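Below is one structure; the comments refer to it alone.
As the structure is a prediction and not an experimental result, all values here were calculated from the model. Sequence lines set the chain letters: A, B, ... in the order given, protein chains first and strands last, and positions in each chain run from 1.
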Number of protein chains: 2
Amino acid sequence: MKISTVSKQSGLSADTLRYYERIGLLPEVNRSENGIRDFNELDVQRVEFIKCMRRAGLPIDVLIHYFALVQQGHRTIEARKEILVQQRALLVARMKAMQQTLDLLDHKISVYDDVVLKTEMEIAPLEE
Amino acid sequence: MKISTVSKQSGLSADTLRYYERIGLLPEVNRSENGIRDFNELDVQRVEFIKCMRRAGLPIDVLIHYFALVQQGHRTIEARKEILVQQRALLVARMKAMQQTLDLLDHKISVYDDVVLKTEMEIAPLEE
DNA sequence: GCTTGACTTGGAGTCAACTCCAGGTGTTAC
DNA sequence: GTAACACCTGGAGTTGACTCCAAGTCAAGC
């Protein structure tokens, strides 16, 4: 599977995919004789996993560390789980903060709605 | 209220507060005769609002634009509401993506739990 | 009167995460 | 055979959001 295909499928640019490989977030992808990358199913799965984690704000270095542990086999299972648990906690905290922001936005929007409604009813002119 | 106080209260560094003023995210804060910033209640409220929005990932330029509209008075109410509604939608989308990541993390963690449990029961050695 | 500490400024530096570019190769279409 | 196109590389540039720094001012404590 060529990089353009993976790019289209994943929505990540070819540049980003090459960048991910370069920094060791993706493993060295196989090449066809002419040197062109040939992503296999596992590579694509990894891209999807990375995409999902990145979208939620997990930093790249954490992911690199995680995959390095995966590489080292079963004796790193505890450490890997620890990383996931920790990142989960950070994620939950971020989501909580975002929920508060959402509540505030909803409040503000409803206030604007009220104001607009009043204006439309021409009850009074408004100043800031 | 001096910058150090606002910094402590808000958790934003004095450098960040000055930076916010410099780029026009905060209005020009009043100064005491010797040129030292003296934040008033409104400034502090704005800092809190900014903090909340930034934590949720709203970009600085959007906030600058929003405050510029506030500055222009009541005729910009519709436009301001539009910004909030749009940012709200983006926020909800981000939260949704994060929820998916959270689900995936939970799944992965539970798989690791199973593996660890099995290992501890010495049912079998594990390979990657 | 001198040190200490908090404040000021303009400007430069840093960081994460891309993103772009120039110059080169290899395959396909006419 | 040559133009168009997708790919390659190493390296530089960009973006957003800070963060740090040097050099200076001022008030308070000793």
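Looking at every heavy atom in both residues, A:T76 comes nearest to A:L69 through OG1-O, 2.7 Å. Between A:C52 and B:T101, the closest heavy-atom pair is O-OG1, 3.0 Å. The shortest heavy-atom contact between B:L25 and B:F67 is O-CD1, 3.6 Å. Considering every non-hydrogen atom in both A:P27 and A:E21, the closest pair reads O-CG, 3.6 Å.
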Do any side-chain atoms of residues 102-111 of chain A form donor-acceptor pairs under 3.5 angstrom with protein atoms, and if so which ones, sequence neighbours left out?
from: A:D103; atom 1: OD1; to: A:Q99; atom 2: NE2; distance (Å): 3.0
from: A:D106; atom 1: OD1; to: B:R88; atom 2: NE; distance (Å): 2.3
from: A:D106; atom 1: OD1; to: B:R88; atom 2: NH2; distance (Å): 3.3
from: A:D106; atom 1: OD2; to: B:R88; atom 2: NH2; distance (Å): 3.2
from: A:S110; atom 1: OG; to: A:H107; atom 2: O; distance (Å): 2.8

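Judged as a ring pair (Phe, Tyr, Trp, His ring centres under 6.0 Å), and not counting sequence neighbours, B:Y20 has no contacts. In this structure A:N34 satisfies the side chain to side chain contact (heavy atoms under 4.5 Å, CB included) test together with A:S32, A:I36, sequence neighbours excluded. Every residue two or more places apart in sequence or in another chain was checked for a ring pair (Phe, Tyr, Trp, His ring centres under 6.0 Å) with B:Y19, and none qualifies. Residues forming a side chain to side chain contact (heavy atoms under 4.5 Å, CB included) with A:R22 (at least two apart in sequence, or on another chain): none. In this structure B:R94 satisfies the side chain to side chain donor-acceptor pair (under 3.5 Å) test with no other residue, sequence neighbours excluded.
For residues 38-63 of chain B, the set of pairs meeting the side-chain hydrogen bond (donor to acceptor under 3.5 Å, both in side chains) definition, not counting sequence neighbours, comprises A:Q100-B:R55. Residue pairs meeting the side-chain hydrogen bond (donor to acceptor under 3.5 Å, both in side chains) criterion with at least one partner in residues 1-15 of chain B, sequence neighbours excluded, are B:S13-B:T16.
Taking a 4.0 Å limit (strictly below) on heavy-atom distances, residues 40-63 of chain B does not reach DNA chain C anywhere. Scanning residues 4-39 of chain A for heavy-atom distances under 4.0 Å to DNA chain D yields A:S4, A:R18, A:R22, A:R31, A:G35, A:I36, A:R37.
In this structure, A:K2 atom NZ and C:dG26 atom P are separated by 16 Å, rounded to whole Å.
Heavy-atom contacts of chain A under 4.0 Å fall on DNA chain D between two terminal nucleotides, which in 5' to 3' order are D:dC7 to D:dG11.
Direction of the helix axis in the helix from C:dG1-D:dC30 to C:dC30-D:dG1 shifts by 10° between the two five-pair termini, rounded to 10°.
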